[in-house]
Amino acid sequence: MVLQGDSDINLRRPRNKKKRLIDNSNLRPWSELPEALVHLITKHLGAIDYLMFGCVCRGWRLYVVAHRQEFMASQPPLVVFLSMLAKRACYFYSIFDQKTYKATLPNLIGKSCYLLTCGYWVMEDKNKMGHSQIWLLNPFTRHELRFSCPPNPYTSVILASLATPLREFVIIAIGSWYPFLQFCRSTDVNWTVYDYNDKFKGGATDDQRWFVDVVVFKGKIYVLTNLGEIGILNLNSYSYVTLLEVKSIGAWNYALQLLAFDDQLLMIHRVEPFEKKENLVYELNFLKMEWVKMQNFGDQALFLGH
């Protein structure tokens, strides 16, 4: 080892040959650190380091799992970069720390990755065949979920966690211009296909309606159409979707998006950059059953992915 810079250490003085005896009787394993100290340590960690902290020992892993939701809620957002040509890695950029983190991924050759849902990358085989799968991967925890592809065309999938007695999750596939809503629960063997062609018959825009987003809010699954109509998805009822009588905002846009935020159910009306307009955000007023335009977020900020 080479020491650089100024130092008061005399490297040439004779070493003391006597070995100092160390009393190990008062030493304790790192896993036995008091929780108060563990809390102080994690307060100074970022999201990546926090997850790595939980890999040290069982005690710290249990602490990380127990406090993960609270910790992540206090963290600044990360910008995700994933090249279409990526083979083994993606990158996360912290806006506030101005740091870039690299996450190594399994082999991505032959797969396309096109969105994030609930913290999972959604990937699928580029060359779809009968045995093709939808592959969901959490880049932080490396947890993976695999599903067979839905039987009908789709353009996006959403992963949702269900607050059932056995705690299960469901993957929902929707698609622009396709009159299908398809879902598969973690306990299901096959996909359930809901053809909603008949649902919207009788109107002038029958063939121009489709579902654009899905979100879980207070234990219920809400679905949104491109016309700003909102409904509840019941996985155990054949009618599946029940549209709510909510006054429409009069928008016809495939770029509508739902967001569950604390006790608010929000709808985001996104605009393209060339339109030179601001994105509009509405809150669903459940008492009046209407969308109310939000003027500002106070001391909060809303980050939208691209």
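When a residue number appears, it is its place in the shown sequence, counting from 1. Fair warning: this is a prediction, and the values are worked out from it, not measured in the lab.
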Margin query: If you define the side chain from C-beta out and look only at heavy atoms, does anything of E245 sit under 4.5 Å from M289?
Written below: no
Checklist line | Rounded distance (nearest 0.5 Å) linking atom OG1 of T192 with atom CZ of R185 | finding: 6.0 Å
Next item on the list: Carefully, step by step, assess W121 and V80 under the rule side-chain contact (heavy atoms from CB on, under 4.5 Å).
Entry: CA-CA 11 Å; W121 283 117; V80 184; 3.1 Å; yes
Next item on the list: Could you check if a side-chain atom of I172 sits within less than 4.5 angstrom of a side-chain atom of I221, using non-hydrogen atoms only?
Entry: yes
Next item on the list: Would you mind reporting whether I174 and W210 have side-chain heavy atoms less than 4.5 Å apart?
Entry: no
Item checked: Y50 side-chain N/O to V64 backbone N/O, donor-acceptor pair under 3.5 Å -> yes
Next item on the list: Could you check whether the rings of H143 and Y120 sit parallel, tilted or perpendicular, using 30° and 60° as the cut-offs?
Entry: perpendicular
Item checked: C90 and F92, any side-chain heavy atoms less than 4.5 Å apart -> yes
Item checked: Intermediate values then yes/no, side-chain contact (heavy atoms from CB on, under 4.5 Å), I134 and Y154 -> CA-CA 12 Å; I134 294 177; Y154 63 97; 3.7 Å; yes
Check: Does S148 offer a backbone N or O that forms a donor-acceptor pair with the side chain of W191 under 3.5 Å?
Finding: yes
Next item on the list: Kindly check if the number of other-residue, nucleotide or ligand heavy atoms within 6.0 Å of OH (Y91) is above 12?
Entry: no
Margin query: Run the side-chain contact (heavy atoms from CB on, under 4.5 Å) test on L259 and V215 for me, step by step, so that the C-alpha distance in whole Å, both residues' side-chain angles and the decisive distance to 0.1 Å come before the verdict.
Written below: CA-CA 7 Å; L259 174 65; V215 73; over 6 Å; no
Check: Closest heavy-atom contact between Q182 and P153?
Finding: NE2-O, 3.5 Å
Margin query: According to a hydrophobic-cluster definition based on side-chain heavy atoms being under 4.5 Å apart (Ile, Leu, Val, Met, Phe, Trp, Tyr only), do W60 and L62 belong together?
Written below: no
Next item on the list: Give the minimum heavy-atom separation between D213 and L256, together with the two atoms involved.
Entry: CB-O, 4.4 Å
Next item on the list: Give a yes or no on whether L224 and V292 share a hydrophobic cluster (residues Ile, Leu, Val, Met, Phe, Trp, Tyr; joining criterion: side-chain heavy atoms under 4.5 Å apart).
Entry: no
Next item on the list: Of all the heavy-atom pairs spanning L136 and F147, show the shortest one and how long it is.
Entry: CD1-CD1, 3.8 Å
Next item on the list: Please name the pair of heavy atoms, one in T42 and one in F71, separated by the smallest distance, quoted to 0.1 Å.
Entry: O-CE1, 3.4 Å
Notebook entry, point to check: Which class fits the ring pair F217 and F286: parallel under 30°, tilted 30 to 60°, perpendicular over 60°?
Noted result: parallel
Checklist line | Minimum heavy-atom distance between V193 and P151, given as atom pair plus value | finding: CG2-CG, 3.6 Å
Notebook entry, point to check: Are F53 and R61 close enough that some pair of their side-chain heavy atoms sits under 4.5 Å apart?
Noted result: no
Notebook entry, point to check: Should L45 and L37 be regarded as members of a common hydrophobic cluster, given that ILVMFWY residues are connected when their side-chain heavy atoms come within less than 4.5 Å of each other, either directly or indirectly?
Noted result: yes
Checklist line | Interatomic distance, Q264 atom CD to E283 atom CD [nearest 0.5 angstrom] | finding: 4.0 Å
Item checked: E290 backbone acceptor or donor facing N285 side chain under 3.5 Å -> no
Note to self: Once rounded to the nearest 0.5 Å, what's the spacing between atom CG of D188 and atom CD1 of I171?
What the structure shows: 12.0 Å
Check: Is any side-chain heavy atom of C118 less than 4.5 Å from a side-chain heavy atom of F169?
Finding: no
Check: Between atom NZ of K288 and atom NZ of K247, what is the distance when rounded to the nearest 0.5 Å?
Finding: 11.0 Å
Notebook entry, point to check: Could you give the distance from CG (D49) to NE2 (H44), rounded to the nearest 0.5 Å?
Noted result: 13.0 Å
Note to self: For E32, I'd like to know if atom CD has over 12 heavy atoms of other residues, nucleotides or ligands within 6.0 Å.
What the structure shows: yes
Margin query: Assess the residue pair T100 and F81 against the criterion (side-chain contact (heavy atoms from CB on, under 4.5 Å)); give the C-alpha distance rounded to whole Å, side-chain angles, the decisive distance to 0.1 Å, and a yes or no.
Written below: CA-CA 10 Å; T100 301; F81 297 97; over 6 Å; no
Checklist line | Heavy-atom neighbours of R146 CZ exceed 12 at 6.0 Å | finding: yes
Item checked: From OH (Y93) to CG (L78), nearest 0.5 Å -> 11.0 Å
Notebook entry, point to check: Testing Y196, F180, F183 for ring pair (Phe, Tyr, Trp, His ring centres under 6.0 Å) with Y240, which one passes?
Noted result: F183
Notebook entry, point to check: Looking only at heavy atoms, what is the nearest atom pair of W135 and E144, with distance?
Noted result: NE1-OE1, 3.1 Å
